[in-house]
Amino acid sequence: MGKVLVVTSGKGGVGKTTSTAALGAALARGGENVVVIDFDVGLRNLDLVMGAERRVVFDLINVVQGDAKLAQALIRDKRIDTLSLLPASQTRDKDALTIEGVDKVIAELKEKFDWVICDSPAGIERGALLAMRNADLAVVVTNPEVSSVRDSDRIIGMLDSKTLRAEKGERIDKFLLVTRYDPQRAARNEMLKVDDVLEILSIPLLGIIPESEEVLKASNIGSPVTLNNPNSAPSKAYFDAARRLKGETVEVVVPMDRKGFMGRLFGRRVA
Amino acid sequence: MSLFDIFRKRTTAPVARDRLQVLLAHERSVIGKSDLIAILQEEILAVIAKHISVDRDAVQIKLDRGASFSTLEIDVEVPLNAKVAKPPTGAGVPASA
């Protein structure tokens with residue numbers, strides 16, 4: 001029986017889809033059977049980030065409504081055969097998702113896969129609630145920035161009250177994934193430190209993903225960063241995070257991309 | 001701006017942390033008020049009202065989430081001249097819970 005993991009944040013643009021793809025690919029590379037599901041109906045992007053946008057025939061809503069079988073909608077990754085994608089619908093209304101339908105699809109996927117990773121839409125509305133509903137554990141993606149931390153706090157509250165596990169009085173494991181972190185700016189007190197965010201949100205740390213050019217390079221060509229450049233700093237951080245998800249104890253470090261001499265001289269930082 | 005300000009290192013992250021701590025302490029107490037809190041508040045009020053007369057506002061309930069445990073804080077303000085209330089008829093059963 002597989003585990004259901006929701007990748008969520010409240011705020012948009014903090015790296016949910018990037019992290020879903022990167023963690024999914026990292027787990028699959030470690031031999032786990034993984035499916036990633038896009039819950040962002042109407043604004044799907046996981047297919048694009050994973051480079052499968054031209055292979056989408058059926059989607060989550062087709063399956064929920066019984067228009068297609070699950071096996072027809074699943075897209076197997078061309079690079080790793082233990083990684084599959086269930087895309088969202090781009091044209092349908094998000095109200096086409098029903099609670100019963102989603103529960104049924106997740107139950108079926110849990111039979112087939114070790115990990116069912118749900119990429120949540122931004123916000124705290126129906127789509128986000130459906131994405132977290134069946135979760136056994138949650139990764140809360142947070143940027144070291146005030147609005148993201150505030151929204152994460154709100155989402156943590158919902159994970160504790162609106163999931164099936166919460167309703168049954170059971171615990172849902174929640175982990176913090178800090179993305180776009182710049183240790184140098186944090187050291188200069190220009191950016192919230194990971195310890196500050198941890199103290200405020202009070203959930204265990206899954207990993208720290210450093211700000212890196214590699215993330216955009218990978219999404220440009222439609223590949224999870226952990227596949228496109230496994231030795232890059234963000235990839236190392238995602239691989240470590242994936243091992244922690246599996247229950248391994250891995251020391252938390254912030255890997256950094258090596259910059260050449262010229263890069264250090266002229267390297268510019270995104271403000 | 002004085003000359004001193006030019007050399008003083010002004011940092012922004014501690015400001016962000018402090019603002020968040022204040023804001024979230026407030027938001028958690030308001031938004032986090034689930035049905036459970038409302039029910040607890042009503043029932044605790046009913047139990048206290050059986051013995052002493054207190055205002056509705058005198059019972060404050062707060063649920064705080066922590067790293068390893070959460071705390072339920074019940075704050076009952078008992079007035080100095082608290083009177084022992086008469087037990088309600090149908091002893092022990094609060095009229096509305």
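Here is the naming used below: chain letters follow the sequence lines, and residue numbers restart at 1 for every chain. As the structure is a computational prediction, the values presented were derived from the model and not from experiment.
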Approximate separation, where rounding is to 0.5 Å, of [X] [atom1] and [Y] [atom2]:
X	Y	atom1	atom2	result
A:D196	B:Q21	CG	CD	7.5 Å
A:D153	B:L20	CG	CG	9.0 Å
A:R185	B:T12	CZ	OG1	7.5 Å

Evaluate the side-chain proximity of A:R150 to B:L23: yes if any heavy-atom separation is below 4.5 Å, no if none is.
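B:L23 vs A:R150: side chains touch.
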CZ (A:R126) with more than 12 external heavy atoms under 6.0 Å:
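Yes - once you tally the heavy atoms of other residues, nucleotides and ligands closer than 6.0 Å, there are more than 12.
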Which heavy atom in A:I200 sits nearest to a heavy atom in B:R28, and how many Å separate them?
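Where A:I200 meets B:R28 most closely, the heavy atoms are O-NH2, 2.6 Å.
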To check you understand the geometry: which heavy-atom pair defines the closest contact between A:V146 and B:A16, and what is its length?
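A:V146 and B:A16 have their closest heavy atoms at CG1-CB, 3.6 Å.
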Closest-packed option against chain B by number of heavy-atom pairs under 4.5 Å, given A:K193, A:E190, A:M158
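Of the candidates given, the most pairs with chain B belong to A:E190.
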